[in-house]
Structures are given as structure tokens and as C-alpha cells.
Amino acid sequence: MGFRKDFLWGGAIAAHQAEGAWDVDGKGPSIADVMTAGDVKTPRRITRGVLEGEVYPNHLGIDFYHHYAEDLELCAEMGFKAFRTSIAWTRIFPNGDEEEPNEAGLKFYDDMFDKMRELGIEPVITLSHFEMPYGLADKYNGFMDRRCIDFFVRYASTCFKRYKGKVKYWMTFNEINNQAEWRKMGAHHLAQEGAVLVKEGDDLEAMMYESAHNELLASALAIKACHEIDPDAKIGCMIGMNGVYPASPDPHDVLNAQKAMTQKYYYVHVHAKGHYPINMLKKFERKGYDFIKEGDAEILAEGCVDYIGFSYYMSFATKFTGRFGDTYDFSEEDYVRNTYLKASDWGWQIDPVGLRWCLNWFNDRYELPMMIVENGFGAYDKVEEDGTIDDSYRIDYLAAHIKAMRDAVTYDGVDLLGYTMWAPIDIVSASTGEYDKRYGFIFVNYNNKGEGDMSRGKKKSFYWYKNVIATNGEEL
Ligand code: BG6
């Protein structure tokens, strides 16, 4: 009953949201380095290059580049068994299309992984976490150009060779499926996934499916390379999983929600089974898409994942509007509020039971080990006069979600390898570019206005999580 003895308790961040040092030691700009600051009401913008007068929060991050040793020591104090971060692609290949890697970038991660090992922490590494080289986006239009598949595989293989024996758990593209919601976020979501820089008049839907296909090929080829280079390593996909419920038992709503799940999560099907679900192939045929070329099916079939990594923050509900007729195609514009759930200050609906639902959804279809590599609660934290921070709301959120995953393990037989909550230390928000949307057990003294000295402090949740790990999830 309960979690396995070697359960990987830990936390997760991404290079671009934490490291800062965006142009240090030969690093090139990534797509994250041309995203401006926003907030809960103001969307981030993507600029053509780094422009004077704009504010780019990822350039500074929390200066993890220079503070990772002390930050990892704080994580070790909580008893972390695993730490998930990403390698910034542009530290290794600054423009993305170089023949040779940047040694200073490779050395930086050597040192970081050595530090983790010294602390008894297993590195769990994402190869691309919204970090496509700006050079590839600008020059090749990202994964719209098949040459980017080779550039990614070269980068991935360089990492597998260099960190063989140091890194056992890999993932290819962070939340590769976010781009399925291209209608809501437009160019932002496509570019964040490393797809494309788009212009007026582009057919975003067609571009999304084509560039996602090329990204899936890149992922499959990297997985194959990983298996060949380091047979002891495990490599997974990373899916942004937020289940879609029907808004009511009306059969139209139920079918609509089912189609939404296929359209949002066919990416995991390709990763786990090595081919597209027929439902999606029918859609491509209907739309006249011909981006699947000879030989692609074999590539996908040979690059299946060892485990499913996924993030979970919230769930959605959808109401059938009839806008796509008999196809029942999904549009995220048809989401409705779920009146059974409360939401965070950013409108993210809180649904711990939904996490168990998602674990079962994956398990029933793919029967693969899983790792929850992100789950957390973004909130405004208040520092009291005595310097303490009572973030009981974060503890409540995490406790309810950990209980749900414990039930999925105990009662539903889910094979769960680990849980790396997001994010053990306050970092820059990916969607809004804010500092004030905080997730951490560790407070970072820095805010949206650029005030603060970046010093680190422990919140109430720090001590709570330490006990969760010490009791292997028994005491929540
Ligand atoms: C996930 C991303 O979507 O959610 C992270 O993988 C991100 O990069 C996290 O930070 C939380 O989202 P946000 O927008 O609150 O930072």
C-alpha cells in the first residue's frame, strides 16, 4: 500500500525561468529570451530579437546560474530524492545550427549534475522546456523546417553522450501538447513549444499540426538515440495534462469532451504507441494535410517512451456549441467554468480528484510507468513582519493532490515513479512572466517591480514537505 520505497520525491524548475545569465559563457538567446514581462491581465509578447527598452524577466530569472549550489542544498535539507530541471539548449548550441557544442555550457551542467549526485539527488532532465534557440525560430521558422529535427537530435545526442551515467531520467519536449490550444494563445503557444514565429494571415492550425509532427519525429529520433547511447537511461515524454470533462451528461457534451481529449492528448499516443490514433489521421485527411512523409511511420514506431511524464495543475469542462458540426472538433473557446470547483487567483480550477482521473486515463490506455513532473499552486505570498510566510493554501493544495495520487497507486494500481512538484523555489512564471506568481517552498526576495535582493527564505510549506518526504507520503 502507498508509494514505492524508492519513490522520487522532489521538485521541478526550468532553466529559462530560473537560471538568468541569458548571455553568459557563450549562451545564445532562446525563444524565452524574447518574451516580455506580463501579469495576470497583460499577456506576454514575443519580440523579433532582443529589443532595447523592453523588459525580459528570463534574462535575470532568480540567478540560479550562480546560486544553484545553495538552492540545491536547501532542497536536500527537505530530503529531495530528485530534482527536475532543463538544459538550456542555447547554452550547448547557441544558435541551434552549429556543428560543435559550446564547452562552457556543457561544463556548467556537468557541475550542476555532480552537485545533485553529491547531495543524493537524482537529476530528472528535460531537453527542451520552451527553450528553442531564437536562431532556429528566426532563420528556419522552427520546426516548420525539417532541418530542425536534425539540429535537435544532434543536441540531444550530445547531452546523452556527455551526461551518460550522471543523468538517468530524461524527457524530450516540455508540455509538447500545449500547442493544441493555439486558438487561445495564438503565436505565443506555438512559439513557446519551439514551433514557429507566425505572421498575419498564416494558417495557424495547419502550421501547428505540421510543426508538431516534426517535433514528434525529433522526439522519437532522440528517444532512439538515447536507448542506443545509454541503455541504462529512461526517457519519457512530457505532457501538459489537464483533463477535459463534459459540462453536463448531455451526450453532445460527452462526445465533445471525448474529442477534446483526443485532440489535446494524441501527442502521448504517438509517444507511447509509436503511431497516430486513427481519429487524428481522419482529421488530417479531412483537412487535406500531407505533412506525413514516407519513412515517418517507421521513425515514430522506433522511438517509443519508457515512461509518461506529465504536469497537472487543473481540469477543464467543455460545452458543445455545434460550431464544427458533425466533426465535434474541439476548440478551447468552448471551455466553461466548472461550478463544482474553486479557482486560484489566476483562474486555474483546483481539482485534486482530477489528478487521479488523469492517472487512470493514462494507465487504462498505455500501461506505462508514470512520473508527475509538475503540480503546484501559484499564489501571492505575504511576508509577515517577523519574516515568516504562512502559505497554508499551498499546503492544502499539495496535500489534496498527493492524497489523490496515493489513492491512484493504492487502489487503482498506477505505477508511479515519482513526484516533482512545481516549483520548490520561486521563479519567473512561464505564462505571465511575473515574479509575484509564486510556487515555492523557498521564498525568493524579488518582485514584479524589480525590488529585492534575491535572498532565499523558508516558507511554512518547506517544513511540511520535509515531513511528507520523511514519511514517504503517509503524513500529509
Ligand atoms: C507548466 C510549465 O505549464 O506550468 C512551467 O511547464 C510553468 O514552465 C508551470 O511555469 C506553471 O505555469 P505558470 O505560468 O504559472 O508559471
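Every number for a ligand or one of its atoms is a count from 1 in the order of the listing.
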query: For atom 15 (O) of ligand 1, which candidate among W346, F130, Y439, W422 holds the nearest heavy atom?
result: Y439

- request: Would you indicate which of G378, S431, G433 comes nearest to atom 14 (O) of ligand 1 when only heavy atoms are counted?
  value: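 It is S431 that holds the nearest heavy atom.
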
Whether [X] and [Y] hold their rings parallel, tilted or perpendicular, with breakpoints at 30° and 60°:
X    : Y    : value
W22  : H59  : parallel
W422 : H129 : parallel
Y276 : Y266 : parallel

- request: Report the nearest protein non-hydrogen atom to atom 1 (C) of ligand 1: residue, atom name, distance rounded to 0.1 Å.
  value: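 Closest protein heavy atom to atom 1 (C) of ligand 1: E374 OE1, 3.0 Å.
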
query: Nearest protein heavy-atom contact for atom 9 (C) of ligand 1: which residue, which atom, what distance?
result: Y313 OH, 3.2 Å

Consider every N or O of [X] and every N or O of ligand 1, then say whether any pair is closer than 3.5 Å.
X    : value
E175 : yes
N174 : yes
Q17  : yes
W348 : no
A430 : yes

message: Tell me the contacting part of A14 for ligand 1: side chain, backbone, both, or neither, using a 4.0 Å heavy-atom threshold, strictly below.
response: neither

message: Under a 3.5 Å cutoff, is there a donor and acceptor pairing between the side chains of S219 and H271?
response: yes

field: Residues Y397 and N375: side-chain donor-acceptor under 3.5 angstrom
entry: yes

query: Has M238 got any heavy atom lying under 4.0 angstrom from an atom of ligand 1?
result: no

message: I'd like to know if D6 and R4 make a salt bridge, using a cut-off of under 4.0 Å between side-chain N and carboxylate O.
response: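 Judged by the 4.0 Å cut-off on N to carboxylate O distance, D6 and R4 do form a salt bridge.
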
query: Do D334 and K259 meet the salt-bridge criterion of a basic N to acidic O distance under 4.0 Å?
result: no

- request: Number the atoms of ligand 1 from 1 as they appear, then name those within less than 4.0 Å of a heavy atom of S429, with their elements.
  value: 13 (P), 14 (O), 15 (O), 16 (O)

query: Hey, which atoms in ligand 1 end up nearer than 4.0 Å to a heavy atom of H129?
result: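 Under 4.0 Å from H129, ligand 1 has these atoms: 2 (C), 5 (C), 6 (O), 8 (O).
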
query: With sequence neighbours left out, which residue pairs that include part of residues 431-451 fulfil the salt bridge (Lys or Arg N to Asp or Glu O under 4.0 Å) condition?
result: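 For residues 431-451: D426-R438.
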
query: Taking the six-membered ring of Y109, is NZ or CZ of R162 closer than 6.0 Å to its centre and within 45° of its axis?
result: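 No, R162 does not sit over the ring of Y109.
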
